[in-house]
Amino acid sequence: MNKYYLCRAPALKSLRLIGCEDIVEFEEEIKKFPLLEELEISLFTNIGGKHVFEEVGKACPELKHFRFNKYRFHNFGDIEYSENDDSELKYNKDDDALGIANMHGLRSLQLFGNDFTNEGLIAMLDNCPHLEFLDIRHCFNIQMDDALRAKCAAIKTLKLPYDSTDDYNLQFEGPIWSPSELGIDFDTDSDGCDYILDSDDYDD
């Protein structure tokens, strides 16, 4: 991270990381910001995962506002794949959400274009009881049933997956529903669709 931030670390209250693809050991670096109240990690980032966000929750007990926004929604599903032919790995679409659920003091949460499911959202709602603002636009794996709406009833400002993006101020493109659209060759959930919507078409 930038040395300027590290010098001010003990007093820093707001940190925005936009398009940062080369940050390593973020779960260790974040410990330098114990008074952080606002954190944004958006667009083309290598930061993420349950363990990383668990560490954010532990290191930043004063954190009240968190934004974790993707460039576009990808419907990858749960994917099993090999890394270096040595171990079997599995991508869990709720991994980030389960980590964010450890940020218990959150008042506002924006998760644009993420692929978590109802299970991940429920975990965040159950463990972040102070939420007043929740933005899950373009999170198209969410199915808003009556039970989930009841859990969201206390949230003052709620933006759902298909709500307008007119006031969204970061770059984004329309959703991709199949890994094949990105030239990736592996199996996805059987309910995946093979088409892509451009953002302009979606807004219309």
Side-chain angles (χ1 to χ4, degrees), residues 13-18 36-43 45 47-50 52-54 56-57 60-77 92-177 189 191-193 197-204:
K13 293 189 176 182
S14 180
L15 176 62
R16 300 185 70 200
L17 301 173
I18 310 296
L36 205 64
E37 296 180 3
E38 180 178 12
L39 174 62
E40 177 171 0
I41 304 168
S42 293
L43 304 183
T45 177
I47 301 169
K50 182 174 183 289
V52 171
F53 290 143
E54 284 177 342
V56 172
C60 307
E62 302 300 318
L63 193 65
K64 296 178 177 64
H65 311 285
F66 182 58
R67 292 186 291 273
F68 184 57
N69 300 318
K70 301 293 186 68
Y71 177 63
R72 73 192 323 166
F73 169 82
H74 293 152
N75 187 40
F76 283 171
N92 180 351
K93 49 185 170 285
D94 286 316
D95 200 49
D96 291 327
L98 295 176
I100 293 169
N102 291 274
M103 303 177 190
H104 304 300
L106 289 181
R107 266 62 172 179
S108 70
L109 178 60
Q110 184 180 64
L111 301 168
F112 188 97
N114 283 269
D115 65 344
F116 57 87
T117 68
N118 283 30
E119 180 181 350
L121 179 56
I122 289 170
M124 292 185 288
L125 292 172
D126 286 346
N127 289 280
C128 303
H130 306 294
L131 274 180
E132 300 177 348
F133 175 95
L134 177 63
D135 183 354
I136 53 172
R137 284 176 292 180
H138 276 224
C139 297
F140 295 120
N141 284 332
I142 296 299
Q143 306 297 321
M144 291 299 297
D145 54 25
D146 290 342
L148 193 50
R149 288 183 181 276
K151 280 187 172 291
C152 294
I155 297 176
K156 295 178 181 178
T157 302
L158 178 63
K159 299 186 178 185
L160 297 176
Y162 291 92
D163 285 353
S164 171
T165 58
D166 287 347
D167 64 342
Y168 184 70
N169 60 6
L170 291 177
Q171 182 182 7
F172 73 96
E173 290 192 8
I176 287 181
W177 297 92
D189 291 338
D191 60 351
C193 302
L197 296 177
D198 290 329
S199 57
D200 292 340
D201 294 337
Y202 169 80
D203 288 339
D204 291 342

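Here the closest non-hydrogen pair linking Ala101 and Asn127 is O-CB, 3.0 Å. Nearest approach of Glu38 to Ser14, heavy atoms of both residues: OE1-OG, 3.2 Å. Here the closest heavy-atom approach between residue Leu148 and residue Gln143 is recorded as CD2-O, 3.8 Å. Here the shortest heavy-atom pairing between His104 and His130 reads O-CD2, 3.6 Å. The minimum heavy-atom distance between Cys128 and Leu106, with the atom names listed, is SG-CD1, 4.4 Å. For the residue pair Gly113 and Cys139, the shortest heavy atom distance occurs at N-SG, 3.9 Å.
Within the model, atoms CD of Glu132 and NE2 of His65 stand 9.0 Å from one another, a figure rounded to the nearest 0.5 Å. For the atom pair CD of Glu54 and CG of Asn102, the computed distance is 4.5 Å after rounding to the nearest 0.5 Å. Between Phe68 atom CZ and Ile41 atom CD1 the span is 6.5 Å, to the nearest 0.5 Å. The structure places NE2 of His138 at 10.0 Å from CG of Asp163, a figure rounded to the nearest 0.5 Å. Here NZ of Lys151 is found 10.5 Å from CG of Asp145. Values are rounded to the nearest 0.5 Å.
Glu40 and Ser42 share a side-chain donor-acceptor pair at under 3.5 Å.
Taking 4.5 Å as the limit, some side-chain heavy atom of Arg67 sits within range of a side-chain heavy atom of Arg16. In this structure the side chain of Leu17 never reaches within 4.5 angstrom of the side chain of Thr45, judged on heavy atoms. Two residues are said to be in side-chain contact when any heavy atoms from C-beta on lie closer than 4.5 Å; Phe133 and Lys156 fail this criterion. Residues Arg149 and Leu158 form no side-chain contact, since every pair of their non-hydrogen atoms from C-beta on lies 4.5 Å or further apart. In this structure, Leu121 and Asn118 have side chains that are not in contact, with every pair of non-hydrogen atoms separated by 4.5 Å or more. At a threshold of 4.5 Å between non-hydrogen side-chain atoms, the residues Leu98 and Phe53 do not count as touching. Counting heavy atoms from C-beta outward, Leu131 and Met124 have side chains that stay 4.5 Å or more apart.
Here Lys50 does not pair with Asp94 in a salt bridge; the nearest charged N to carboxylate O distance is not below 4.0 Å.
Atom NZ of Lys64 has more than 12 heavy atoms from other residues, nucleotides or ligands within 6.0 Å. The 12-atom threshold is exceeded at CG of Asp167, counting heavy atoms of other residues, nucleotides or ligands nearer than 6.0 Å.
Ring centroid separation for the pair Phe112 and Phe73 does not come in under the 6.0 Å cut-off.
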Q | Residue pair Leu160, Ile136: steps toward the side-chain contact (heavy atoms from CB on, under 4.5 Å) verdict | A | CA-CA 5 Å; Leu160 297 176; Ile136 53 172; 4.2 Å; yes
Q | Evaluation steps, side-chain contact (heavy atoms from CB on, under 4.5 Å), between Gln110 and Arg137 | A | CA-CA 8 Å; Gln110 184 180 64; Arg137 284 176 292 180; 4.1 Å; yes
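Between Leu109 and the options Ile100, Asp135, Ile155, Leu125, a side-chain contact (heavy atoms from CB on, under 4.5 Å) holds for only Ile100. Only one option out of Ile142, Asn141, Asp96 pairs with Phe116 in a side-chain contact (heavy atoms from CB on, under 4.5 Å); it is Ile142.
The aromatic rings of Phe172 and Tyr168 lie perpendicular to each other, with more than 60° between the two planes, well past the 30° mark.
No donor-acceptor pair closer than 3.5 Å links the side chain of Asp126 to the backbone N or O of Ala123. Put simply, the side chain of Arg72 never gets that close to the backbone of Lys70: no donor and acceptor are under 3.5 Å apart.
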